[in-house]
Amino acid sequence: MAITAVKGFNDILPDESGRWQYIEQTARRVFELNGFGEIRVPVMEKTELFCRSIGDATDIVEKEMYTFTDKGENSVTLRPEGTAGVMRAFIEHKLYAQDPIAKLYYLGPMFRYERPQKGRYRQFHQIGAEITGVNEPLADAQVLNMLTTFFREIGLTEPTLQINSLGCPECRPGYRAALRSFLEERMEHLCEDCKRRFVTNPLRTLDCKVPGCIEATSGAPSVLEHLCSACDDHFSSVRRYLDLSSTPYSINFRMVRGLDYYTRTTFEMVTGLLGSQSAVAAGGRYDGLISQLGGPSIPGIGFAMGLERVALLLGSQKFVSLPDLFIATMGGAERDVAFRLMDGLLKSGVRVELDYEGKSLKSQMRRADKLKARYSVVIGGNEVTSGRASFKRMADGIQTDSALTVADIRSLVGKSDL
RNA sequence: GUGGCUAUGGUGAAGCGGUUAACACAUACGACUGUGACUCGUACAUGCGAGGGUUCAAAUCCCUCUAGCCACCCCA
């Protein structure tokens with residue numbers, strides 16, 4: 001038996017990688033335009049980092065982490081998400097000392113031991129961005145704006161923005177209590193999972209998909225009505241800024257987060273096109289995280305988006321570059337000339353393909369067609385002696401005579417000067 | 001962790017116990033005397049996810065395993 005890849009770990013073949021590069025390049029461009037700089041952090045961290053940031057009792061930490069003991073007897077974990085590692089680096093290098101405001105983005109693989117399905121794999125990729133040091137709702141709005149812009153730039157209209165506020169340590173306990181007493185009266189209508197959630201995390205009952213639960217919780221109190229005045233003001237300002245920038249959004253007071261560190265503003269870019277994987281990007285404010293990790297008391301806000309999910313939304317569009325010219329040759333002697341010509345053209349930025357194996361002219365032309373080369377040229381004895389050749393535009397078969405020089409060919413195939 | 005579905009060549013697939021595993025696409029080469037696309041010809045699974053079993057005979061029946069997909073849980 002040949003060796004196969006590990007379950008949930010996928011290869012990205014050349015056919016698809018163009019789409020990935022397109023996503024990554026678009027993200028980099030949009031993020032850098034907004035003043036974000038890339039930070040590259042390790043894929044592995046001490047296990048404790050994730051326990052303290054994501055939360056000990058979350059599903060991610062409890063059952064989805066790739067955790068093991070290394071040869072030095074340290075418990076290490078393959079990062080299940082990006083924010084924790086970025087904040088660890090932020091604190092470790094005292095980035096806040098150089099500049100009280102940091103705008104960082106990252107991209108790379110994340111690892112979660114889950115059962116794979118559509119849009120969800122054990123190794124998956126995220127691109128995320130974080131702003132630290134800003135309490136003002138302006139930061140929330142810029143992040144949301146940037147995320148919306150990214151999806152517009154990449155050519156997708158489908159994921160739409162939903163926002164909510166989770167309040168802060170001041171007001172959330174009050175809401176939780178109010179929700180609990182509401183649920184208590186409807187216990188018998190809740191599913192088994194929700195009865196469990198009632199104890200562990202009552203907010204979770206709000207996004208249960210069981211019809212009975214949806215009905216039972218339809219009149220549930222909203223977090224938004226239990227925000228303290230500071231949180232309420234913050235949320236109103238965020239909404240006002242979104243309106244000022246014409247950023248479309250809807251409010252979803254039932255939205256919850258799977259990571260414990262979120263406070264105040266939370267949001268998701270959601271789609272109905274990916275089955276149960278509706279969240280394409282998600283994030284929120286995490287004002288307590290940095291101090292919780294042993295850093296100074298600095299607020300933060302950020303998001304992460306799932307590259308696989310964005311790629312699925314882009315569909316099977318191909319993002320490949322096509323050769324400008326295919327050079328066919330008649331025989332061995334001409335191949336030397338063709339090779340030198342290709343070398344010169346490549347160095348001047350013309351994408352050239354050449355027959356490698358001395359095949360028949362028929363085969364060479366078929367290959368030119370298959371590669372979708374824009375032009376083809378045949379180099380034989382006549383061309384070598386005259387220094388000129390006929391360049392065939394493949395789309396319509398029209399041939400144009402031109403000298404076999406890099407400059408002339410460049411202008412013929414339509415590459416503007418550097 | 002729990003459920004359901006599916007496993008035949010590079011791909012999509014026929015085949016439902018019996019001679020050389022259909023067909024299409026893709027691929028390779030060739031025919032139209034140094035030029036692709038259309039047309040035509042030729043080649044292309046000693047093997048039907050893996051391992052057992054039943055049978056004179058198994059891709060087709062039985063058992064075990066494995067993988068993939070989809071959903072739940074949870075999440076990006």
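Naming: A, B, ... by sequence-line order, numbering from 1 per chain.
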Test item: side-chain donor near acceptor, [X] and [Y], under 3.5 Å:
{"X": "A:R285", "Y": "A:S165", "result": "no"}
{"X": "A:H234", "Y": "A:D140", "result": "yes"}
{"X": "A:E215", "Y": "A:H189", "result": "no"}
{"X": "A:Y286", "Y": "A:Q292", "result": "no"}
{"X": "A:S297", "Y": "A:S291", "result": "no"}
{"X": "A:R28", "Y": "A:Y105", "result": "yes"}
{"X": "A:N10", "Y": "A:Q123", "result": "no"}
{"X": "A:S402", "Y": "A:D408", "result": "no"}
{"X": "A:T266", "Y": "A:N164", "result": "no"}
{"X": "A:T271", "Y": "A:E158", "result": "yes"}

Atom [atom1], compared across [N] and [M]: separation rounded to whole Å:
{"N": "B:rC48", "M": "B:rA7", "atom1": "P", "value": "15 Å"}
{"N": "B:rC72", "M": "B:rC56", "atom1": "C1'", "value": "49 Å"}
{"N": "B:rU54", "M": "B:rC70", "atom1": "P", "value": "38 Å"}
{"N": "B:rC32", "M": "B:rC38", "atom1": "C1'", "value": "12 Å"}
{"N": "B:rU66", "M": "B:rG12", "atom1": "P", "value": "24 Å"}
{"N": "B:rA45", "M": "B:rA24", "atom1": "C1'", "value": "16 Å"}
{"N": "B:rA67", "M": "B:rC40", "atom1": "P", "value": "45 Å"}
{"N": "B:rG3", "M": "B:rC74", "atom1": "C1'", "value": "16 Å"}

What does the list of N/O pairs under 3.5 Å between the protein and nucleotides 1-5 of chain B look like, with a distance for each?
{"unit_1": "B:rU2", "atom_1": "O4", "unit_2": "A:R115", "atom_2": "NH1", "d": "2.6"}
{"unit_1": "B:rG3", "atom_1": "O6", "unit_2": "A:R115", "atom_2": "NH2", "d": "3.4"}

[X] has an atom [atom1]; how far is it from atom [atom2] of [N], in whole Å?
{"X": "A:Q364", "N": "B:rA28", "atom1": "CD", "atom2": "P", "value": "13 Å"}
{"X": "A:K63", "N": "B:rC72", "atom1": "NZ", "atom2": "P", "value": "15 Å"}
{"X": "A:I214", "N": "B:rC72", "atom1": "CD1", "atom2": "P", "value": "12 Å"}
{"X": "A:K118", "N": "B:rG68", "atom1": "NZ", "atom2": "C1'", "value": "15 Å"}
{"X": "A:D59", "N": "B:rC72", "atom1": "CG", "atom2": "P", "value": "15 Å"}
{"X": "A:R112", "N": "B:rC73", "atom1": "CZ", "atom2": "P", "value": "16 Å"}
{"X": "A:R309", "N": "B:rC75", "atom1": "CZ", "atom2": "C1'", "value": "6 Å"}
{"X": "A:Y262", "N": "B:rA76", "atom1": "OH", "atom2": "P", "value": "6 Å"}

Describe the nucleic acid contact of [X] in one word from base, sugar-phosphate, nothing, applying a heavy-atom distance below 4.0 Å.
{"X": "A:L259", "answer": "sugar-phosphate"}
{"X": "A:A368", "answer": "nothing"}
{"X": "A:G119", "answer": "base"}
{"X": "A:T58", "answer": "nothing"}
{"X": "A:E268", "answer": "nothing"}

Each nucleotide N or O in nucleotides 43-45 of chain B that has a protein N or O under 3.5 Å away: list the pair and distance.
none

Compare side-chain N and O positions of [X] against OP1 and OP2 of [N] and report whether any pair is under 4.0 Å apart.
{"X": "A:S360", "N": "B:rG30", "result": "yes"}
{"X": "A:R197", "N": "B:rC74", "result": "yes"}
{"X": "A:Q117", "N": "B:rA71", "result": "yes"}
{"X": "A:S363", "N": "B:rG30", "result": "yes"}

Once salt bridge (Lys or Arg N to Asp or Glu O under 4.0 Å) is applied, do any residues pair with A:R393, and if so which ones, sequence neighbours excluded?
A:D396

Starting from the C-alpha separation in whole Å, work towards a yes-or-no answer on side-chain contact (heavy atoms from CB on, under 4.5 Å) for A:Q364 and A:R367.
CA-CA 5 Å; A:Q364 296 186 53; A:R367 182 157 178 82; 5.7 Å; no

Are A:E38 and A:R40 within salt-bridge range, i.e. N to O under 4.0 Å?
yes

Pair A:E170 + A:R172: basic N to acidic O under 4.0 Å:
no

Watson-Crick and G-U pairing of RNA chain B, under 3.5 Å, as dot-bracket with | and [ ]:
((((((((.[[[..)..(....]]].(((((.......))))).....[[[[[..)....]]]]])))))))....

Closest nucleotide of RNA chain B for A:E308 versus for A:M330: which of these residues is on the 5' side?
A:M330

By nearest atom, which of the nucleotides B:rC75, B:rC29, B:rC69 is closest to the A:K359 side chain?
B:rC29

Residue pairs passing the ring pair (Phe, Tyr, Trp, His ring centres under 6.0 Å) test where at least one lies in residues 346-400 of chain A, sequence neighbours excluded
none

Per-nt protein contacts along nucleotides 35-41 of chain B (heavy atom under 4.0 Å; B base, S backbone sugar-phosphate only, - none) come out as BBB----

Would you give the length of the straight line joining atom CZ of A:F182 to atom CG of A:L179, rounded to the nearest 0.5 angstrom?
7.5 Å

